[in-house]
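For reference, the structure discussed in these notes is given below.
Here is how names work: the chains are called A, B, and so on, in the same order as the sequence lines, proteins then strands, and each is numbered from 1.
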Number of protein chains: 2
Amino acid sequence: MATARTTPHSVSALLDHLARLSRVHTEATLDARGLRQRHLVALTVLREHAPATQQALASALAIDRTNLVGLLNELEGDGYVERRRSAEDRRRHIVELTPAGERALTGAEQAIEQAEAEIFHGLSEQERATLRALLQRATAGHVLDCAAAAGLRDPVETARDEDEGAVPAA
Amino acid sequence: MATARTTPHSVSALLDHLARLSRVHTEATLDARGLRQRHLVALTVLREHAPATQQALASALAIDRTNLVGLLNELEGDGYVERRRSAEDRRRHIVELTPAGERALTGAEQAIEQAEAEIFHGLSEQERATLRALLQRATAGHVLDCAAAAGLRDPVETARDEDEGAVPAA
DNA sequence: ACAAAACATTTGTGGAGCACAAACGAGTTG
DNA sequence: CAACTCGTTTGTGCTCCACAAATGTTTTGT
């Protein structure tokens with residue numbers, strides 16, 4: 001059971017590194033389609049996560065609420081997403097992927113597939129599929145987690161919140 | 001068996017997303033150790049890639065040469081890396097990981113392991129190991145690729161180290 | 001009904017990260 | 001010697017992002 005405790009490479013560092021390499025290699029393709037990585041990420045999360053409030057979406061994407069507004073404005077301006085008010089709570093906006101957004105996402109995915117093939121030439125096709133599946137599941141799990149964390153309107157206020165209040169290293 | 005040809009999720013987007021989640025979750029731990037993600041990435045690549053010139057390193061990290069200078073200054077200031085001149089070409093700097101750097105890297109990896117466990121709670125331990133292995137191999141392949149790409153114009157003395165015939169790009 | 005809180009929005013500020021260009025000294029090569 | 005390379009420094013500008021404050025709308029608690 002004990003996994004190799006020799007040198008458990010930081011997954012975080014590897015992710016960061018590969019994400020950068022991948023982004024650099026694919027940004028040209030995306031740029032030609034008027035998209036950026038974060039758009040692709042947002043659309044991807046949205047596709048998985050059906051209708052979501054902006055709050056949940058911001059939490060899932062780990063970006064600030066106010067910054068999500070601009071991101072959604074861009075996507076909505078392109079007709080890729082749609083905002084409508086929630087029926088239950090009309091303060092909320094329900095964000096959804098439009099058919100055009102789904103097409104754009106699928107198209108972009110196919111377009112950058114070739115660029116990704118170059119990046120992952122060190123992996124076999126099956127390994128790449130495995131990698132994709134693992135990444136997908138890992139992100140999926142986190143989206144749910146964040147959505148749950150976002151719904152802290154519970155009667156019980158989190159007595160033990162993150163201790164990050166204000167610790168800006170001087 | 002048949003790899004899903006329906007919608008091959010963009011690995012790029014998934015990587016970007018997970019890398020962000022991971023970074024946000026681990027940055028507190030790293031900060032307490034006076035490190036940032038890019039330091040960890042650089043150290044990781046350096047550990048794998050033994051002695052490397054700054055040119056090769058910049059290519060591997062996909063960052064600008066001029067910005068690498070500052071990054072290495074920080075790491076060298078902490079005693080984590082060492083620059084020495086190349087014997088063959090004294091214009092070059094050979095960057096290497098110091099024992100302190102290796103300790104710092106190992107220590108940071110162990111420290112953020114816990115934070116990573118929270119991020120990847122959606123995956124079993126074995127799956128996480130698989131993911132790590134795949135990421136490692138993918139980055140390793142790319143480092144070699146970049147090093148080869150960087151040394152395009154000096155085909156002379158490349159027959160030095162383990163040059164296992166990097167696949168020439170078509 | 002009224003006050004308080006939540007949500008989305010807009011705007012502004014500040015900082016981090018990075019690409020890019022230009023110039024320099026040191027060292028190489030032809 | 002001249003031309004080039006490498007690492008370095010400096011400066012400029014852009015992008016991304018967190019954070020704060022103010023506003024309008026809607027919900028919720030009393």
Side-chain angles (χ1 to χ4, degrees), chain A residues 16-17 19-21 23-24 27-28 30-31 35-42 52-59 61-74 76-77 81-95 150-155 157 162 164-170, chain B residues 16-17 19-21 23-24 27-28 30-31 35-42 52-59 61-77 81-95 150-157:
Chain A
D16 207 76
H17 188 193
R20 164 170 266 267
L21 296 177
R23 182 172 51 76
V24 169
E27 70 184 356
L30 286 178
D31 223 55
L35 288 176
R36 301 264 178 110
Q37 274 271 30
R38 56 199 145 98
H39 297 133
L40 205 65
V41 173
T53 67
Q54 294 189 194
Q55 180 177 329
L57 205 52
S59 172
L61 294 174
I63 67 175
D64 198 87
R65 287 186 190 83
T66 62
N67 296 77
L68 178 61
V69 174
L71 181 58
L72 288 180
N73 284 345
E74 295 167 1
E76 197 174 29
V81 304
E82 214 178 43
R83 281 189 263 212
R84 46 168 233 269
R85 301 222 87 108
S86 167
E88 312 147 351
D89 188 338
R90 290 182 45 80
R91 293 171 299 184
R92 286 178 169 154
H93 270 170
I94 302 293
V95 187
L152 39 72
R153 327 185 333 147
D154 300 347
E157 181 107 356
E162 306 284 308
E164 286 186 358
V167 193
Chain B
D16 207 77
H17 188 194
R20 163 170 266 267
L21 296 177
R23 183 172 51 76
V24 169
E27 71 183 356
L30 286 178
D31 223 53
L35 288 176
R36 302 265 177 109
Q37 273 272 29
R38 56 197 144 98
H39 297 132
L40 207 65
V41 174
T53 66
Q54 293 190 195
Q55 181 177 327
L57 205 53
S59 172
L61 294 173
I63 67 175
D64 197 87
R65 287 186 190 86
T66 63
N67 297 93
L68 178 61
V69 174
L71 182 57
L72 289 180
N73 284 346
E74 295 167 1
L75 291 175
E76 197 174 29
V81 304
E82 214 177 43
R83 283 189 261 211
R84 47 168 232 268
R85 301 224 86 109
S86 167
E88 311 149 353
D89 188 338
R90 290 179 48 76
R91 291 171 300 183
R92 286 176 170 155
H93 271 171
I94 302 292
V95 187
L152 277 181
R153 41 183 164 36
D154 73 81
V156 187
E157 54 209 76

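Residues A:Leu40 and B:Asp16 form no side-chain contact, since every pair of their non-hydrogen atoms from C-beta on lies 4.5 Å or further apart. Within the 4.5 Å cutoff, the side chain of B:Gln37 has no heavy atoms near those of the B:Glu27 side chain. Within the 4.5 Å cutoff, no side-chain heavy atoms of A:Arg36 are placed close to those of A:Leu30.
Ranking C:dG27, D:dT8, C:dC7 by closeness to the A:Arg92 side chain, first place goes to C:dC7.
Heavy atoms only, all atoms of each residue included: A:Thr53 and A:Ile94 are closest at CG2-CD1, 4.1 Å.
Between B:Gln55 and B:Arg92, the side chains place no donor N or O within less than 3.5 Å of an acceptor N or O (distance only, hydrogens not considered).
The distance from atom CD of B:Glu88 to atom P of D:dT5 is 18 Å, rounded to the nearest whole Å. Between the P atom of C:dC18 and the CG atom of A:Leu21 lies a distance of 13 Å, rounded to the nearest Å. Taking atom CG of A:Asp89 as the reference point, atom C1' of C:dA5 lies 12 Å away to the nearest angstrom. Between B:Arg65 atom CZ and D:dT8 atom P there is a gap of 12 Å when expressed in whole angstrom units. Remark: P of C:dA16 and NE2 of B:His39 are 13 Å apart, rounded to the nearest angstrom. Rounded to a whole Å, the NE2 atom of A:His17 is 16 Å from the C1' atom of C:dC18. Atom CD in B:Glu74 sits about 11 Å away from atom P in C:dA16, given to the nearest Å. Between the CG atom of B:Leu61 and the P atom of C:dG17 there is a distance of 15 Å, given to the nearest Å.
In the displayed structure, B:Glu82 atom CD is contacted under 6.0 Å by at most 12 heavy atoms of other residues, nucleotides or ligands. More than 12 heavy atoms of other residues, nucleotides or ligands shown are found within 6.0 angstrom of CZ on B:Arg85.
Proximity of B:Gln54 to the phosphate of D:dG7: no side-chain N or O atom is located under 4.0 Å from OP1 or OP2. The phosphate of D:dT8 (OP1 or OP2) has a side-chain N or O of B:His93 nearer than 4.0 angstrom. Phosphate contact (OP1/OP2 of C:dT10, side-chain N/O of A:Asn73, threshold under 4.0 Å): present.
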Short heteroatom pairs, N/O only, protein and nucleotides 13-20 of chain D, under 3.5 Å:
| unit_1 | atom_1 | unit_2 | atom_2 | d |
| --- | --- | --- | --- | --- |
| D:dT15 | O3' | A:Arg36 | NH1 | 3.4 |
| D:dC16 | OP1 | A:Arg36 | NH1 | 2.4 |
| D:dC16 | OP1 | A:Arg38 | NE | 3.4 |
| D:dC16 | OP1 | A:Arg38 | NH2 | 2.5 |
| D:dC16 | OP2 | A:Arg38 | NH2 | 2.5 |
| D:dC16 | O5' | A:Arg38 | NH2 | 3.2 |
| D:dC17 | OP1 | B:Arg20 | NH2 | 3.3 |
| D:dA18 | OP1 | A:Ala62 | O | 3.4 |
| D:dA18 | OP1 | B:Arg20 | NH1 | 3.4 |
| D:dA18 | OP2 | A:Asp64 | N | 2.9 |
| D:dA18 | N7 | A:Asn67 | OD1 | 3.2 |
| D:dA18 | N7 | A:Asn67 | ND2 | 3.4 |
| D:dC19 | N4 | A:Thr66 | OG1 | 3.2 |

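A donor-acceptor pair is defined here as one N or O able to donate and one able to accept, closer than 3.5 Å; such a pair exists between the side chain of B:Arg20 and the backbone of A:Ala62. The backbone N or O of B:Val95 sits nowhere less than 3.5 Å from a side-chain atom of B:Arg84 that would complete a donor-acceptor pair.
Contact of B:Arg91 with D:dT5 (side chain to base): a donor-acceptor pair of N or O atoms is detected under 3.5 Å.
An angle of 30°, rounded to 10°, separates the two end axes of the helix from C:dA1-D:dT30 to C:dG30-D:dC1, each defined over five pairs.
For B:Arg90 and A:Leu72, each mapped to the nucleotide of DNA chain C holding its nearest heavy atom, the one lying further toward the 5' end belongs to A:Leu72.
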